[in-house]
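Just so you know, these numbers use all the heavy atoms, side chains as well, and skip hydrogens, waters and symmetry mates. Order of appearance sets the numbers: ligands from 1, and atoms from 1 within every ligand. The structure displayed is predicted, hence computed values, not measured ones.
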Amino acid sequence: MTISAAELASSGLQFEIDDAVATVTLNRPERRNAMTPGMWRGLAAIGSALPSRIRVVVVRGAGSSFSSGIDLRMFAAEGLPGEEPVPSAADAGFEQWVAGCQAGFLWLRDPSIVSVAAVQGHAIGAGCQLALACDLRVLADDARLCVKEPALGLVPDLTGTKPLVDIVGLPRAIELCLTARTIDAHEAAALRLGELVVAPADLDEAIADLVAALLATDAAASRATKELLAQAAGNTLEQQAAAERRAQAALLRGRLTG
Ligand code: ACO
């Protein structure tokens, strides 16, 4: 699926490529980058058309917040201009519709890239899940994270629950979600939800440094290692050792055959 720059702009996204680095910017700062299904479709389209040379994807938000979550006007009777209404949960296609929204998040875990969220200000609800969808998070020290969905009578359904549990563990995930508590950058980092906390003015530089370090590593080895690491939690030690052997053989054979 391809999407034009104009279509992306109308869905509130900006997309730039610089060599092996792609940057996706949520670009609705006047609404604190509130997200719509159109934006999620735009994210999915970016993911499905990502050039194979891209090694790092940076996800960021324009303005003072990363994202204030779903555009709450979606829930108003009059809906959101230009957006088709959310289908009724009674419709047979409802889960398929959610799957289409989730597609905007899932590609960020692809082994062929490393995704990095640059989080300043609020990351609420769907915004927090977008940060969770990325492999790594760099937090400005004004970052505020909140899985707010349960407080609004919803479950977090934009792929955030698995990374949340994987990172913070089940008891803390239950506590965070079921209280819908907002955590600051330092607590988030202590819970391993951020790899780094920096002053807001230093966020761009911190991202640039991280991206440069990621690009300095051999591309094929990076991809194979990410794939290996991602399966480690689901494997026994023996299975993982076997996966390491297979990955090493495939990597080195690939080099021998050019
Ligand atoms: N949906 C629609 N509009 C929004 C949203 C949103 N999620 N968030 C902010 N806006 C709008 C505000 O209505 C306001 O519009 P206006 O200028 O026309 O009045 C503008 O963006 C700026 O918002 P402020 O509240 O003035 O900005 P501030 O920086 O003080 O606060 C904050 C930012 C904390 C994000 C606040 O706007 C907020 O709490 N927003 C709602 C968050 C929310 O509940 N999201 C849903 C989570 S659940 C889910 O995502 C599934």
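At the top of the distance list for atom 13 (O) of ligand 1, counting protein heavy atoms only, stands R31 NH1, 3.7 Å. Annotation: atom 40 (N) of ligand 1 to nearest protein heavy atom, S68 CB, 4.2 Å. Closest protein heavy atom to atom 32 (C) of ligand 1: H122 CD2, 4.3 Å.
Criterion: ILVMFWY side-chain heavy atoms under 4.5 Å apart, direct or through other members. Under it, L158 and L176 are part of a common hydrophobic cluster.
Close approach to A126 involves these atoms of ligand 1, each under 4.0 Å from a residue heavy atom: 49 (C), 50 (O). Distances below 4.0 Å separate heavy atoms of E30 from the following atoms of ligand 1: 20 (C), 21 (O), 22 (C). Atoms of ligand 1 lying under 4.0 Å from at least one heavy atom of L152, given by number and element, are 46 (C), 47 (C), 48 (S).
When I70, L154, V155, L80 are ranked by how near their heavy atoms come to atom 50 (O) of ligand 1, first place goes to I70. Between atom 29 (O) of ligand 1 and the options M35, R28, R32, R144, the minimum heavy-atom separation is to R32.
For atom 44 (O) of ligand 1, the nearest protein heavy atom is under 4.0 Å away.
A donor-acceptor pair under 3.5 Å is absent between the side-chain atoms of R109 and the main chain of L106, judged by distance alone. Without hydrogens or angle criteria, R53 side chain to A20 main chain gives no donor-acceptor distance under 3.5 Å.
Proximity of L251 to Q248: side-chain heavy atoms (C-beta onward) are separated by under 4.5 Å at one or more points.
The pair R32-D71 does not meet the salt-bridge criterion, since no charged nitrogen lies less than 4.0 angstrom from a carboxylate oxygen.
When heavy-atom distances to ligand 1 are checked against a 4.0 Å cut-off, A34 comes that close only through its side chain, counted from C-beta outward.
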